[in-house]
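Below is one structure. I have some questions about it.
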Amino acid sequence: MSYNYKEIEKKWQEKWYKERTFNAKDDYTMKKWYGLIEFPYPSGQGLHVGHPRSYTALDIIARKRRMEGYNVLYPIGFDAFGLPAENYAIKNHIHPRIITEQNINHFREQLKSLGFFFFFSREINTTDPNYYKWTQWIFIQLYKKGLAYKATMPINYCTGCKVGLANEEVVNGVCERCGSPVVQKEKSQWMLKITDYAERLINDLDDTEFLEKIKIQQKNWIGRSEGAEVKFKIDGEDEELLIYTTRPDTLFGATYMVVAPEHPIIDKLSSKITNMDEIIEYKNKSSLKSDFERSELNKEKTGVEIKGITAINPLTGKQIPIWVSDYVLITYGTGAIMAVPAHDSRDFEFAKKFGLPIIQVVDGKNVDLSKEAYTDVETGVLINSGFLNGMQVSEAKEKVISYLEKNNIGTKKVNYKLRDWVFSRQRYWGEPIPMVYCEECGWVPIPESELPLVLPEVENFEPGENGESPLAKQTDWISTTCPHCGKPAKRETDTMPQWAGSSWYFLRYMDPHNDKELASKQALEYWSPVDWYNGGMEHTTLHLLYSRFWHKFLYDIGVVPTKEPYFKRTSHGMILGDNGEKMSKSKGNIVNPDDIVRDFGADTFRVYEMFIGPFDGAAPWSMDSIRGCSKFLDRVWSLQDILVEGDTYSPEFEKMIHKAIKKVSEDIEEMKFNTSVATFMTMVNEFYKLKRINIAEFKTFLQLLNPFAPHITEELYSKISNVTIAETSWPKYDESKTIDESIELPVQINGKVKQTIQIPLDSTQEDVKKIIEQNDVLKSLISGKNIIKEIYVKNKIYNIVIK
RNA sequence: GCGGAUGUGGCGGAAUUGGCAGACGCGCUGGUCUUAGGAACCAGUGUCAACGACGUGGGGGUUCAAGUCCCUUCAUCCGCACCA
């Protein structure tokens, strides 16, 4: 028989959200716990079944923490700027604000229908001027500290969205959002100097409890490498070519140089270059290539020798040719390299193709330089390398760097793959960048007293022809006066990227209605840092890195009290369609959360998503399995039919309950929710086996299950108690009562289990042996055989080796 | 190419330090009750030539004992990708 989940869930949700049961307390002397999930983008499709996986997980932890006596903060909000609303606005001529508001209302109802512990009283919305006032304020602080700057540089330009993108938003040469090709375009952009924080963004990971794979991915993304910068003289000129290398030890093997097509030396020495036409042609060809084409063509190297100039290898003194090739990137290192074809596979390939000399400088076993480069680092001995001969690679690196530094031809240098953050978007639906351009004073931030700089109302949301922001057409709004000199000036028309609002939202939750500061000092002191942040792996190199950067900056200017925003970061796996593929409209395998709540109830939905598999892994949806969870809750409901009196655990169940408290308590901390649910199911099976459960047992069981299935458990609890589960304390277990006095010991003969015998806990080998000798089956197996060895591992196993 | 994972019944998945492989759920088989069953309950369910043997992607090794440790190999997924 099914319980009436519709009525019960509605009843408890009304109580929770109307009475604001979950609000954090303002008592800053209590121990606190701040749990955070990534706030959703309120898309028109509504909630996805993937959202509740993460939300339920931290909801469980939040509810447990509250029962453990913590002052809990588990907030929710909406990351509501973004392209889908804007694109919808362009198509349907509805203001994005209106669509966003509708979507948020829909999302909020959906979230409430799942009974989350969220504090809707603290709800935030990144598109609310009272919120983005502080996003703009942070930008101005960044500007004041020189961390926001305008630069004209080649940017990734999406031909579909007509907007500049950050490197992180370009996937396989196409736009992450719309899939259109991305090309390079020169544009004046606001940039944020995240590279200044590269070292700290790596090092401070040590102070956090992020999952190891998250730390590794961030470190790889930042891409720190140690090496040297070396100056190569241009023969007969007063010019030098600066290169970066991680293998300064191989300098004697540098037989040619390569510069990126965009390298300034080409223009600088154009009068000396004899094949300028050829070079220009090559430059043009490579600038037309999109990122996608460049990586597509990465098998076949192209390039042109720059004739008329040569460089001098500073160690050998020999003249070496300079080439231009797009396998060297202007954006990394110095945009120029020394090529050591013997020990770098790209240089090797290039040298082979163009017949350039290959000189081996590191000796190694089984090296065949006619086939491939020998790139094994840190092993091998230097040869053909003058004063480095005979040294190990690591030693040679040190020696050559000190030689370079002494002779002023090079320095030790650390490089990063991370680049500065392109912060401008030529779009309407984003935070206006609070800057004014004055012919006299240059860029000037608007006075902080004028914040927020509100988005102007516009009629037309289409981007301009030349990739201009829609705001560029708002001449009234653009015209202003310079805050510095008072002369006529123009506002910046670009807006901020979607990552802006989400880079600090967790701070606003601490004090969401403050109109004097982004949050009060006391609130920041008390709630910082976020204790536990769960989100998707896809945000590891974008949102997570950006927000750590902003937070470190806010720490530096004394706004926030901690170096790191998040103490612990975990991630959830994706929920796939029932065919094992990612849910998508085109595949027709989308599951709508509303349907699940309607057909099975929120509690079943929550329990199922926790039972579906290991939290960290991808898991396919299964309508059959969700029925199993529905059945389980029906059986929980029917436990009241076999309920008997009793205010202590009965002897039959005492062990099981203590063990379950331990197991579930530990599982929740380790996010092993699936095995917790299995524990609940086993318990219910046991109660039905004896056809009884007493009130004490029932109460504990309901408390343990409550974070997973809050509605049904509160309803059942209300029938036997006049307090709610939320007001009770998390059950405690007695370690001694989780241990059995008598255990089943497997006995093996030659490693195969033949019998299990009952023995008292902690029996000695002699005692166990006596029992074995009285066992007929074992006796007959051993008799007449030669016992070679007997192994007894206390309370685990007894193995007899016979011949 | 580099980095990160994963591989266990028909399916989703369990399994402290190496110590009874397959918990829990789905599905399936048989039964009970029912006018009926996409309901409930009971029993069974790794494989096979079944009182035994074999079984955690494949091959090898260490060990009294390996899903777990070591070597090697294959497959799949994810992230990055000419980063010097």
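Since the structure is predicted, the reported quantities are computational estimates derived from the model, not experimental observations. Naming convention: chains lettered A, B, ... in sequence-line order (proteins, then strands); numbering from 1 in each chain.
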Any strand is fair game: report the nucleotide pairing with rA23(B) by Watson-Crick or G-U wobble, both distances under 3.5 Å, or none.
none
Syn or anti for rG9(B), with syn set at within 90° of 0?
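Classified syn.
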Which base, if any, makes a Watson-Crick or G-U wobble pair with rC69(B), both distances under 3.5 Å?
rG61(B)
Taking only the side-chain heavy atoms of F611(A) (C-beta and beyond), determine which of rG12(B), rG4(B), rC82(B) contains the nearest atom.
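When the side chain of F611(A) is considered, rG12(B) is the closest of rG12(B), rG4(B), rC82(B).
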In terms of side-chain heavy atoms, does N534(A) have a donor or acceptor partner in T570(A) at a distance below 3.5 Å?
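Side chains of N534(A) and T570(A): pair found under 3.5 Å.
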Whom does rG18(B) pair with, Watson-Crick or G-U wobble, provided both distances fall under 3.5 Å?
none
Tell me which nucleotide among rC82(B), rC24(B), rC80(B) gets nearest to the side chain of W221(A).
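That would be rC80(B).
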Distance check, P atoms only: rC26(B) and rA40(B), in whole angstrom units.
9 Å
Applying the 3.5 Å cut-off to both distances, the Watson-Crick or G-U partner of rC41(B) turns out to be rG31(B)
Within the modelled atom types, does a donor on one side and an acceptor on the other bring the side chain of K301(A) and the base of rC82(B) under 3.5 Å apart?
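Indeed there is one.
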Compute whether any side-chain donor of one residue and acceptor of the other, for S763(A) and Y798(A), lie under 3.5 angstrom apart.
no
Within the structure shown, what part of the strands sits under 4.0 Å from T246(A) by heavy-atom distance: base, sugar-phosphate, or nothing?
sugar-phosphate
Does any donor atom in the side chain of Y5(A) or D634(A) lie under 3.5 Å from an acceptor atom in the other side chain?
no
Anti/syn call for rA36(B), syn if |chi| within 90°
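Classified anti.
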Only counting residues at least two apart or in another chain, list the ones meeting salt bridge (Lys or Arg N to Asp or Glu O under 4.0 Å) with K672(A).
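Once residues adjacent in sequence are excluded, the partners of K672(A) under the salt bridge (Lys or Arg N to Asp or Glu O under 4.0 Å) criterion are E670(A).
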Would you mind telling me which of rC64(B), rC82(B), rA14(B) lies closest to the side-chain atoms of N799(A)?
rC64(B)
If you measure from the C1' atom in rC71(B) to the same atom in rG79(B), how many Å do you get, rounded?
28 Å
Looking at the base of rU16(B), is there any donor atom on it, or on the side chain of K796(A), that sits under 3.5 Å from an acceptor on the other one?
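Checked by distance alone, the answer is no.
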Tell me the partner of rA50(B), counting only Watson-Crick (N1-N3 plus N6-O4 or O6-N4) or G-U wobble (N1-O2 and O6-N3) with both under 3.5 Å; none if nothing fits.
none
Say whether S571(A) and D616(A), considering side chains only, have a donor N or O and an acceptor N or O under 3.5 Å apart.
yes
Whom does rA5(B) pair with, Watson-Crick or G-U wobble, provided both distances fall under 3.5 Å?
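Base-paired to rU76(B).
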